[in-house]
Number of protein chains: 2
Amino acid sequence: MSDGDSATPSTKGARAGRSRDSAASKEALLQSARILFGRQGFESTTIREIGEQAGVDASLIARYFGSKTDLYIAAVIAEDAGEAIPTEYEGLEQMAEVVLARADGRDGPGPVLQAIIRSDTSPEIRDAALDRLSRRLVTPLAAKMAATRDEDRPELRVQVAVAALLGISLGRSLGWFDELRSAPRDELVALIVDALGAITGETPER
Amino acid sequence: MSDGDSATPSTKGARAGRSRDSAASKEALLQSARILFGRQGFESTTIREIGEQAGVDASLIARYFGSKTDLYIAAVIAEDAGEAIPTEYEGLEQMAEVVLARADGRDGPGPVLQAIIRSDTSPEIRDAALDRLSRRLVTPLAAKMAATRDEDRPELRVQVAVAALLGISLGRSLGWFDELRSAPRDELVALIVDALGAITGETPER
DNA sequence: GCCTGATGCCATCAACCGATGACATCGGCC
DNA sequence: GGCCGATGTCATCGGTTGATGGCATCAGGC
């Protein structure tokens with residue numbers, strides 16, 4: 001460009017007075033990514049939308065995260081850290097309550113569930129999501145079950161219970177059926193415990 | 001183009017000897033759409049891939065179906081008709097067996113489940129899929145339950161049971177956990193009946 | 001035998017997308 | 001005060017996608 005350019009408001013580069021804080025920009029992108037990926041999924045979320053929501057240019061995504069895929073993985077990690085989901089539980093009831101409470105508090109299934117329910121998720125995203133899911137749900141439930149009951153096929157039982165719980169959570173988030181969507185959470189949790197407790201060995205005390 | 005073009009094998013239009021059967025072309029597109037949408041979902045399946053798999057040009061999709069979205073809806077209807085899923089069952093066990101058998105026989109979740117698990121599915125696709133799902137699973141299970149037990153909140157129980165069943169089916173199709181993926185179907189069905197029977201009133205006779 | 005609608009293919013369009021590199025400005029360091 | 005790396009924005013690229021319209025060929029009807 002010619003060197004006659006003057007410092008007008010529309011000149012390139014950071015605008016006068018604009019915040020220059022890479023940690024804040026990065027965090028804004030990450031939180032926007034969590035929200036939008038969690039609501040819409042990977043393909044339906046563009047990096048331009050994420051930048052807009054974060055209030056910065058989308059080109060910073062490549063600078064700070066490397067790629068859209070890497071941003072998604074970072075969003076999964078941030079979600080995992082941000083949700084403060086326990087790694088051990090009093091029991092199935094508490095786990096169901098935690099999962100549904102988190103689900104009810106979000107707009108959409110969240111980036112972790114979005115990643116695992118889609119057959120076209122890239123392997124590295126899927127592995128990151130499944131790893132956290134197992135750590136937060138499967139492993140603790142298996143540990144709990146090993147401590148309380150001696151059932152055959154404990155690992156299968158736990159995996160079936162977690163898959164069922166995720167199906168219920170997803171169905172509720174996406175509003176598959178009227179009652180499932182609108183039922184009070186405590187009533188839903190009670191039904192979940194009745195059902196899944198029958199195979200994990202935690203029958204309700206009533 | 002110049003009028004000097006000769007009828008060579010690479011000239012435009014239907015090639016010499018090429019089948020001219022719109023019903024066959026349409027059906028080929030539809031079955032290809034079922035398979036690819038069922039395996040990869042809406043966004044990750046292009047109309048060019050569908051045409052290739054069907055052995056015809058993708059432009060015929062617009063001619064015969066109107067749009068990619070309308071093709072998806074036609075695929076959902078075809079899947080529903082093709083799977084011959086009953087609209088009434090002996091009980092939960094038979095329903096679980098049918099759902100898992102169909103799931104195990106496919107490559108991927110299938111177009112109906114793909115449509116309902118994604119938050120970004122268009123409303124008309126979602127409605128078409130949910131309508132069939134309710135007709136094949138929720139309504140029959142509700143009818144069965146009404147005939148056998150007098151529980152509180154029967155509709156909620158049935159909806160929870162179906163959501164759980166779909167979660168298990170999806171988890172198995174996508175290979176979320178090792179045991180869930182590899183367990184023999186009859187063993188998995190037995191666990192599902194133990195769990196979901198506890199809330200639909202069909203306890204196993206053992 | 002001719003005509004015409006059906007059938008299928010091809011090229012193209014407009015829009016979008018993830019990624020990249022250039023550039024201006026800022027602020028800390030020397 | 002000057003320098004230079006950090007920071008942010010902008011324009012652009014190459015590729016992809018769903019949809020469209022033109023064209024050639026075929027086959028049935030008259």
Side-chain angles (χ1 to χ4, degrees), chain A residues 1-29 32-33 36-37 40-52 54-74 120 122 125, chain B residues 1-29 32-33 36-37 40-52 54-74 120 122 125:
Chain A
M1 63 184 76
S2 72
D3 54 14
D5 288 345
S6 57
T8 64
S10 60
T11 55
K12 283 179 173 177
R15 290 177 180 143
R18 188 57 174 271
S19 172
R20 294 174 73 87
D21 185 345
S22 70
S25 297
K26 193 173 176 179
E27 187 62 22
L29 284 169
S32 296
L36 294 178
F37 283 142
Q40 298 160 199
F42 186 85
E43 284 84 16
S44 292
T45 302
T46 69
I47 61 173
R48 286 172 177 78
E49 283 179 283
I50 295 171
E52 239 180 271
V56 297
D57 195 80
S59 60
L60 293 183
I61 289 172
R63 182 174 295 175
Y64 292 144
F65 297 93
S67 68
K68 186 181 181 184
T69 295
D70 288 339
L71 175 60
Y72 198 110
I73 292 171
D120 54 357
S122 74
I125 291 179
Chain B
M1 65 185 75
S2 73
D3 54 13
D5 289 344
S6 59
T8 63
S10 61
T11 55
K12 282 179 175 179
R15 290 177 180 142
R18 188 58 175 269
S19 171
R20 297 173 71 89
D21 185 344
S22 70
S25 297
K26 193 173 175 178
E27 188 62 20
L29 285 168
S32 296
L36 294 176
F37 283 141
Q40 300 159 197
F42 185 86
E43 285 82 16
S44 292
T45 301
T46 69
I47 61 173
R48 284 169 178 81
E49 282 178 284
I50 295 170
E52 238 180 272
V56 297
D57 194 78
S59 59
L60 294 183
I61 289 172
R63 180 174 297 176
Y64 293 143
F65 297 94
S67 67
K68 186 180 179 182
T69 295
D70 288 341
L71 175 60
Y72 198 110
I73 293 172
D120 54 358
S122 73
I125 291 179

Rounding to an integer number of Å, can you tell me how far [X] [atom1] sits from [N] [atom2]?
X     : N      : atom1 : atom2 : result
A/L29 : C/dG18 : CG    : C1'   : 15 Å
A/E52 : D/dG8  : CD    : P     : 17 Å
A/E27 : D/dT7  : CD    : C1'   : 17 Å
A/R48 : D/dC10 : CZ    : P     : 13 Å
B/E43 : D/dT16 : CD    : C1'   : 14 Å
B/I50 : D/dA19 : CD1   : C1'   : 14 Å
B/K26 : C/dG8  : NZ    : C1'   : 16 Å
A/D21 : D/dG8  : CG    : C1'   : 12 Å

Hey, does the Lys NZ or Arg CZ of A/K26 hover above the aromatic six-ring of A/F65, less than 6.0 Å from the centre and inside 45° of the axis?
yes

Is there a side-chain polar atom (N or O) of A/S22 under 4.0 Å from OP1 or OP2 of D/dT7?
yes

Can a side chain N or O of A/S25 be found less than 4.0 Å away from OP1 or OP2 on D/dG8?
yes

Output all residues satisfying side-chain hydrogen bond (donor to acceptor under 3.5 Å, both in side chains) with [X], sequence neighbours left out; order by chain, then residue number.
X     : value
B/S44 : A/D120
A/S59 : A/D57
A/T69 : none
B/E52 : none

Considering every strand and a 4.0 Å limit on heavy-atom distances, what is the contact class for B/S44: base, sugar-phosphate, or nothing?
nothing

Under the 3.5 angstrom rule, does the side chain of A/E27 hit a backbone N or O of A/A24 as a donor-acceptor pair?
no

For A/E43, give me all partners under salt bridge (Lys or Arg N to Asp or Glu O under 4.0 Å), at least two apart in sequence or on another chain.
A/R118

Heavy atoms from C-beta onward define the side chain here; which of C/dT12, C/dA19, D/dG21 lies closest to that of A/I47?
C/dA19

Picking from C/dC10, C/dT20, D/dT17, the nucleotide nearest the side-chain atoms of B/S59 would be C/dC10

Which parts of residues 60-73 of chain A get close to DNA chain D, meaning a heavy atom less than 4.0 angstrom away?
A/L60, A/R63, A/Y64

If you find the nucleotide of DNA chain D closest to B/F42 and the one closest to A/A23, which residue's nucleotide is nearer the 5' end?
A/A23

